[in-house]
Amino acid sequence: MAVVALIPAAGVGARFHDSGPKALVKLAGKPFLLHALERLAASGRVDRAVVAVSPGHEAAFATALAGFSAMPVTTTRGGETRRDSVVAAWRASGAADGDLLCVHDAARPLVEPADVAAVVDVAAEHGAALAGSPVTDTVKRVRDGVVVETVPRNDLFAAATPQVLRAGLLRDAVEAGLADATDDVELLERRGVAVRTVVTSRWNVKITYPEDLARAEAWLAAVRP
């Protein structure tokens, strides 16, 4: 059984006032993508990776990946949506149905290698698993700027990546013609597949806004020898 990382990296860094690929935004002088790939490789579980890149930016990704040797990495053309990019990377991967697909956002460059290993191990046993953490904030449902409900949080889980699933499960979901989803295992949920949760580090933040990048820079500065 192989474990193949799929990195949907076709999005742009619009919130960083940058029209280029978000995966190539730099953290501590290095693109998000390289941080993520290094940590996936360091988990000891991921054999290779396929990166779905934004059309027209292939050369920039090739430059970023030049010299990366922690594991084999190939690129393919991404799609208009996250689901399209994940599917494109899966198709390009050549993964067999029994292999595991480890989908991870390049915008989560601080993922802990041990957490990657934990999610992969749970998925290997059960078929599908995702990283995340229990919700600790009070959550309000709001309509037109007015609170209409306080949502009980005892069973809420904030989903992150990696999300790991057997390739055959993704193939079944794609062949069933399921529509786009906000994450990858949602496609399996709709088919009644049980997806296990793995509580992982809260430093596995998704860098969405400039202040997120500043926090990540500060964290890396704090943990460097």
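Source: prediction; values computed, not measured.
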Polar side-chain atom of [X] near backbone of [Y] as donor-acceptor pair, under 3.5 Å:
X      : Y      : value
His104 : Arg108 : yes
Asp212 : Tyr209 : yes
Asp115 : Ser201 : yes
Lys206 : Thr161 : no

* Shortest non-hydrogen contact between Ser133 and Phe157, atoms and distance ->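 Ser133 and Phe157 have their closest heavy atoms at N-CZ, 3.4 Å.
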* **For Arg39 against Leu110, the heavy-atom pair lying closest together** =>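 Arg39 and Leu110 have their closest heavy atoms at NH1-O, 3.2 Å.
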Using the rule that Ile, Leu, Val, Met, Phe, Trp and Tyr join whenever any side-chain heavy atoms are under 4.5 Å apart, tell me whether [X] and [Y] fall into a single cluster.
X      : Y      : result
Met71  : Val119 : yes
Val122 : Leu165 : no
Leu27  : Leu37  : no
Val53  : Val86  : no

Using residues 141-152 as the side-chain source, report each donor-acceptor pair under 3.5 Å to any protein atom, sequence neighbours left out, with the distance given to one decimal.
residue: Arg141; atom: NE; partner: Glu149; partner atom: OE1; Å: 2.9
residue: Thr150; atom: OG1; partner: Lys140; partner atom: NZ; Å: 2.8

* For residues 94-103, which residue pairs qualify under salt bridge (Lys or Arg N to Asp or Glu O under 4.0 Å), counting only residues two or more places apart or in two chains? ->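 Only Asp97-Arg171 qualify under salt bridge (Lys or Arg N to Asp or Glu O under 4.0 Å).
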* Is the closest basic N to carboxylate O distance between Arg82 and Asp184 below 4.0 Å? ->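 Salt bridge between Arg82 and Asp184, a charged N being under 4.0 Å from a carboxylate O: yes.
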* Is the closest basic N to carboxylate O distance between Glu125 and Arg196 below 4.0 Å? ->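 Salt bridge absent between Glu125 and Arg196.
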* Evaluation steps, salt bridge (Lys or Arg N to Asp or Glu O under 4.0 Å), between Glu38 and Lys30 -> CA-CA 11 Å; Glu38 287 173 355; Lys30 185 165 56 180; 2.9 Å; yes
* To do: Output, in order, the C-alpha distance, side-chain angles, deciding distance and verdict of side-chain contact (heavy atoms from CB on, under 4.5 Å) for Leu169 and Leu101.
  => CA-CA 10 Å; Leu169 294 175; Leu101 305 176; over 6 Å; no
